[in-house]
Visitor: 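Dropping a structure here in structure tokens format, bear with me for questions.
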2 protein chains.
Amino acid sequence: MKFSTRGEYGLRAMFDLAQRYGEGPISLKSVAERQDISEYYLEQLIAALRKAGLVKSVRGAQGGYTLARDPSEIKVGDIIRVLEGPIAPMDCVKEEGECCSRAESCVARTIWEKVRDSVSGVLDSITLEDMVIEANKLQQSNSYIYYI
Amino acid sequence: MKFSTRGEYGLRAMFDLAQRYGEGPISLKSVAERQDISEYYLEQLIAALRKAGLVKSVRGAQGGYTLARDPSEIKVGDIIRVLEGPIAPMDCVKEEGECCSRAESCVARTIWEKVRDSVSGVLDSITLEDMVIEANKLQQSNSYIYYI
DNA sequence: CAATATCCGAGTAGATTGCTAAGATATAAA
DNA sequence: TTTATATCTTAGCAATCTACTCGGATATTG
């Protein structure tokens, strides 16, 4: 029951772009360095995010990536679904549809549905803006601790 | 973000034992047949469940497995943790402990913690007894539909 | 002793994960 | 126009995991 590094790295990269939203295109190289992720690997992840319409790219020198929408309009769930596939602890309860044969009479299925909905609920209740605000709070309280 | 067949099959097998709780030892072969699972594979899963103290075994002819406790005292989460490992969408938020270096200042981490807690909450709120009751209800309502 | 089960360890094909690498294409700055 | 900087695209690959399969040892009943 784990997410892979795709979700982890992808979310960190999107968070990085959110922190710099409005500053023009951010190069993937700089994101990769700050977040300590392989640039080559991150290329694949950002390609998926671009195709899904979550980021825009600018090619060429001084190019890079920007969020396609305001950070308040990108949910963590949007990012995870692109990089990890549909949120579902079992194939039989994929959000899109698709059922197994036992379907109706399967008690286990109702459990997986509850798990799915609770995970979706969490991930769709948090936006990139929320994360940026949270990070700023954390940094403030850290400075407070260290400098008084 | 998926459970493997270990969790799926294991839960179905435990549910099968719960439905027959009090009838003496149930052979793995019969469980495997009813639940349409490879017996050899199920052997590995039940071995883990036995070592974790969730089922008891009786060796020899007429032997088999029984739940180690009343179905009302076995949570779905207990089973899943044995077969799938600690409930955690990322390694850094394993229920036991263990952190990454960024720990405190990691905003993503708080998200994974929320996901973990919500999944744990769902799985620990459902017992095998609940599943058996639910299954009986389902069967009743199905007969009602078909035979009136 | 024979039949029936659990126990235990090893092996294995196929898929997935987490990269790495090479080269094509586009753009800004010199 | 050239050069440097980036994105874009595809392919490959070692290590690990998944979902079994198999062989045989051990224990119990009749």
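Here is the naming used below: chain letters follow the sequence lines, and residue numbers restart at 1 for every chain.
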Visitor: Report the residue (Ser4(A) or Val58(A)) whose heavy-atom-nearest nucleotide on DNA chain C is the more 5′ of the two.
Guide: Ser4(A)
Visitor: Under 4.0 Å between a side-chain N or O of Tyr40(B) and OP1 or OP2 of dG9(C)?
Guide: no
Visitor: With sugar-phosphate meaning primed atoms plus P, OP1 and OP2, does Phe3(B) contact a base, only sugar-phosphate, or nothing at under 4.0 Å between heavy atoms?
Guide: nothing
Visitor: Using only atom types and a distance under 3.5 Å, with no angle test, would you say the side chain of Arg109(B) pairs donor to acceptor with the backbone of Val93(B)?
Guide: no
Visitor: In this structure, how many angstroms lie between the P atom of dT4(C) and the NZ atom of Lys29(B), rounded?
Guide: 8 Å
Visitor: dC20(D) phosphate, OP1 or OP2: any side-chain N/O from Tyr9(B) under 4.0 angstrom?
Guide: yes
Visitor: For dT21(D), does the base pair up with any side-chain atom of Glu43(B) as donor and acceptor (N or O, under 3.5 Å, distance only)?
Guide: no
Visitor: Please test Ile26(B) against Tyr65(B) for side chain to side chain contact (heavy atoms under 4.5 Å, CB included), starting from the C-alpha separation and ending with a verdict.
Guide: CA-CA 5 Å; Ile26(B) 310 292; Tyr65(B) 295 90; 5.7 Å; no
Visitor: Run the side-chain hydrogen bond (donor to acceptor under 3.5 Å, both in side chains) check on Ser120(A) and Arg116(A) step by step: do they pass?
Guide: CA-CA 6 Å; Ser120(A) 286; Arg116(A) 176 197 64 194; 5.7 Å; no
Visitor: The side chain of Gln62(A) lies closest to which of these nucleotides: dA21(C), dA29(C), dT6(C)?
Guide: dA29(C)
Visitor: Just the rounded figure in Å: distance from C1' of dA5(C) to CD of Glu33(B).
Guide: 14 Å
Visitor: Examine the base of dT20(C) for any acceptor or donor lying under 3.5 Å from a partner atom in the side chain of Glu39(A), and report the outcome as yes or no.
Guide: no
Visitor: Could you tell me how far apart Gln44(A) (CD) and dG12(D) (P) are, to the nearest whole angstrom?
Guide: 14 Å
Visitor: Using whole Å, what does the distance between atom C1' of nucleotide dG18(C) and atom CD1 of Ile46(A) come to?
Guide: 17 Å
Visitor: OP1, OP2 of dT21(D) versus side-chain N and O of Ser38(B): anything below 4.0 Å?
Guide: yes
Visitor: Leu28(B) near the nucleic acid: base, sugar-phosphate alone, or nothing, with a heavy-atom cut-off under 4.0 Å?
Guide: sugar-phosphate
Visitor: Determine: side-chain N/O of Ser27(A) to OP1/OP2 of dT5(D), distance under 4.0 Å, yes or no.
Guide: no
Visitor: Grab the CG-P distance between Leu42(B) and dC22(D) for me, whole Å please.
Guide: 17 Å
Visitor: Report the nucleotide, chosen from dT4(C), dC7(C), dT5(D), that has the shortest atom-to-atom distance to any side-chain atom of Ala61(A).
Guide: dT5(D)
Visitor: Taking NZ from Lys2(B) and P from dA19(D), how many angstroms apart are they, rounded to a whole number?
Guide: 11 Å
Visitor: So, Arg6(B) side chain and Glu84(B) main chain: donor-acceptor pair closer than 3.5 Å or not?
Guide: no
Visitor: Are the side chains of Pro86(A) and Arg81(A) in contact, using a 4.5 Å heavy-atom criterion?
Guide: no
Visitor: Closer than 3.5 angstrom, by distance alone: can the side chain of Thr5(B) be matched with the main-chain N or O of Glu8(B) as a donor-acceptor pair?
Guide: no
Visitor: Taking atom P of dG18(C) as reference, at what distance in whole Å does atom CG of Leu83(A) sit?
Guide: 12 Å
Visitor: In whole Å, I'd like the distance from the CD1 atom of Ile26(B) to the C1' atom of dT6(C).
Guide: 15 Å
Visitor: Checking contacts here: which listed nucleotide (dA19(D), dT6(C), dT21(D)) is nearest the side-chain heavy atoms of Ser57(B)?
Guide: dT6(C)
Visitor: Closest to the Tyr41(B) side chain: dT6(C), dC19(C), dA19(D)?
Guide: dA19(D)
Visitor: Identify which nucleotide among dT25(C), dT6(C), dC22(D) has an atom closest to any side-chain atom of Arg59(A), counting heavy atoms from C-beta outward.
Guide: dT25(C)
Visitor: Does Asp16(B) come within less than 4.0 Å of Arg20(B), counting only side-chain N to carboxylate O?
Guide: yes
Visitor: Can you sort out which residues in residues 48-56 of chain B have a heavy atom within less than 4.0 Å of DNA chain D? Ascending by number, please.
Guide: none
Visitor: Nearest to the side chain of Thr5(B), which nucleotide is it out of dT21(D), dC20(D), dA27(D)?
Guide: dC20(D)
Visitor: What I want to find out is whether Asp130(A) reaches Lys75(A) closely enough, with some N-O distance under 4.0 Å, to be called a salt bridge.
Guide: no
